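No experiment lies behind these values; they were computed from the predicted model shown. Naming: A, B, ... by sequence-line order, numbering from 1 per chain.
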Amino acid sequence: MPRLREFPWRATRDPWHVLISEVMLQQTNVGRVRPRFERFVALAPTPAACVDVALADLLVEWQGMGYPRRCRNIQDAARVIVERHGGEVPRDLDSLMALPGIGPYTARAILAFAFGDDAAVVDTNVARVISRVEGRAMKPRETQALADEMLPRGLSRDWNQVVMDFGATVCNARSPRCSSCPIARLCSWCGEGADPARTTAFTSRPQGRFEGSDRQARGRMMKRLTEGSVQATRVAEVMGLDDGDRAERLVESLVADGLVERVGRAYRLSEKRR
DNA sequence: AAGCCGTGGAT
DNA sequence: TATCCACGGCT
């Protein structure tokens, strides 16, 4: 359920709002996205408006969704849209892919959900369904090609929605419900033998331990910074680290990412308007 | 191109 | 309580 992409904003179809929602949904479950999406759009209703908001204010709205570089990417994309596309989200694959933070999935999601164009999205759910139906592991290019072939023309919105939700529920990763699967007759796998999706591209790769990781420390710092600036001498403490050199390196990585800036002896969220 | 990037839910 | 896992883009 939490991964279902069904959503009221599908009805809006404002390309900028679809872009924001799809970037948010790249890494974050729909239940956590919903309330933040509304506030974010209120703050940055158009690309031009987004450019004029301090990144720090956008990051406050972002806090809790993870991967805050995505938030910076949205503002960077807004600037490109204003400077190169007259303030309108472009309607072709190459221009969309050229935007910061917009890859193969998100570019096609914008084409399909915002514009209704014939574009087949391949997220992890779609890739899993296709590789199981085909009964073999596949590389990204081939997976995309098959998704393109399957797409019923003129129905991209409903089709993409249905395939992603089908993959998130019936044809899920851990315990697929093959015994009640409506397309079992079309499936090469049917839950018997090795799962082809396990070795196919697009499926998520294992990740290092989170406890004690750089990400955890960065995340703690970002959360604390949404409440106000942090003295340089207290960075390690905020991050929960004993190692001052490591804390220094990590806060500088946040600066390098454009999320944080140093002002005198303190750090704060970047005020930069892009 | 293998590893990094945050958070919360599932097991 | 601890561990595993999802999730797309970037470099």
*Among residues 217-228 of chain A, which contact DNA chain B at a heavy-atom distance under 4.0 Å?*
A/R218, A/G219

_Electrostatic pair A/E22-A/R70, nearest N-O below 4.0 angstrom_ =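 Salt bridge absent between A/E22 and A/R70.
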
[N] [atom2] sits how many Å from [X] [atom1], rounded?
X      : N     : atom1 : atom2 : value
A/Y105 : C/dG9 : OH    : P     : 8 Å
A/N160 : C/dG8 : CG    : P     : 13 Å
A/D123 : C/dA6 : CG    : P     : 13 Å
A/W62  : B/dT7 : CH2   : C1'   : 13 Å
A/L25  : C/dG9 : CG    : P     : 12 Å
A/R32  : C/dA6 : CZ    : P     : 15 Å
A/D195 : C/dC5 : CG    : P     : 13 Å
A/R70  : B/dG6 : CZ    : P     : 9 Å

*When we call it a touch if two heavy atoms are under 4.0 Å apart, what does A/T28 touch: a base, just sugar-phosphate, or nothing?*
nothing

*If you look at every strand shown and take non-hydrogen atoms under 4.0 Å, does A/N73 touch a base, only sugar-phosphate, or nothing?*
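Touches nothing.
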
*When you match A/R174 and A/A107 each to their closest nucleotide on DNA chain C, which lands nearer the 5' end?*
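In this pair, the answer is A/R174.
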
*Between B/dG6, C/dC4, C/dG8, which nucleotide has the shortest distance from any of its atoms to the side chain of A/Y67?*
B/dG6

*Between C/dC4, C/dA6, C/dC7, which nucleotide has the shortest distance from any of its atoms to the side chain of A/R209?*
C/dC4

Return the set of residues passing salt bridge (charged side-chain N to carboxylate O under 4.0 Å, His left out) with [X] (not counting sequence neighbours), or none when no residue passes.
X      : answer
A/R220 : none
A/E248 : none
A/R224 : none

Please tabulate, one pair per line, all N/O donor-acceptor pairs under 3.5 Å involving side-chain atoms of residues 175-187 of chain A, not counting sequence neighbours.
none

*Verify the contact: side-chain N or O of A/N172 to OP1 or OP2 of C/dA6, cut-off strictly under 4.0 Å; return yes or no.*
no

*Can you tell me if the side-chain N/O atoms of A/T106 get under 4.0 Å from OP1 or OP2 in C/dG8?*
no

*For residues 54-65 of chain A, pull every pair meeting salt bridge (charged side-chain N to carboxylate O under 4.0 Å, His left out), keeping only residues two or more places apart or in separate chains.*
A/R39-A/E61

_Considering only residues two or more places apart or on different chains, which pairs with a residue in residues 92-107 of chain A satisfy salt bridge (charged side-chain N to carboxylate O under 4.0 Å, His left out)?_
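Qualifying pairs, neighbours excluded: none.
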
*Near-strand residues of residues 93-102 of chain A, defined as heavy-atom separation under 4.0 angstrom from DNA chain C*: A/L99, A/P100, A/G101, A/I102

_Could you check whether the side chain of A/Q27 and the base of B/dG6 have a donor-acceptor pair of N or O atoms closer than 3.5 Å, going by distance alone?_
no

Side-chain donor-acceptor distances from residues 106-119 of chain A under 3.5 Å, at least two apart:
residue, atom, partner, partner atom, Å
A/T106, OG1, A/Q26, NE2, 2.8
A/R108, NH1, A/P104, O, 3.2
A/D117, OD1, A/R91, NE, 3.4
A/D117, OD1, A/R91, NH2, 2.6
A/D117, OD2, A/R91, NE, 3.0
A/D118, OD1, A/G154, N, 2.8

*Using modelled atom types only, decide if a donor and an acceptor are shared between the side chain of A/R265 and the backbone of A/A232 within a distance under 3.5 Å.*
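Absent.
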
_Over 12 non-hydrogen atoms of neighbours within 6.0 angstrom of CD in A/E252_ =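 Atom CD in A/E252 is packed in, count exceeds 12.
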
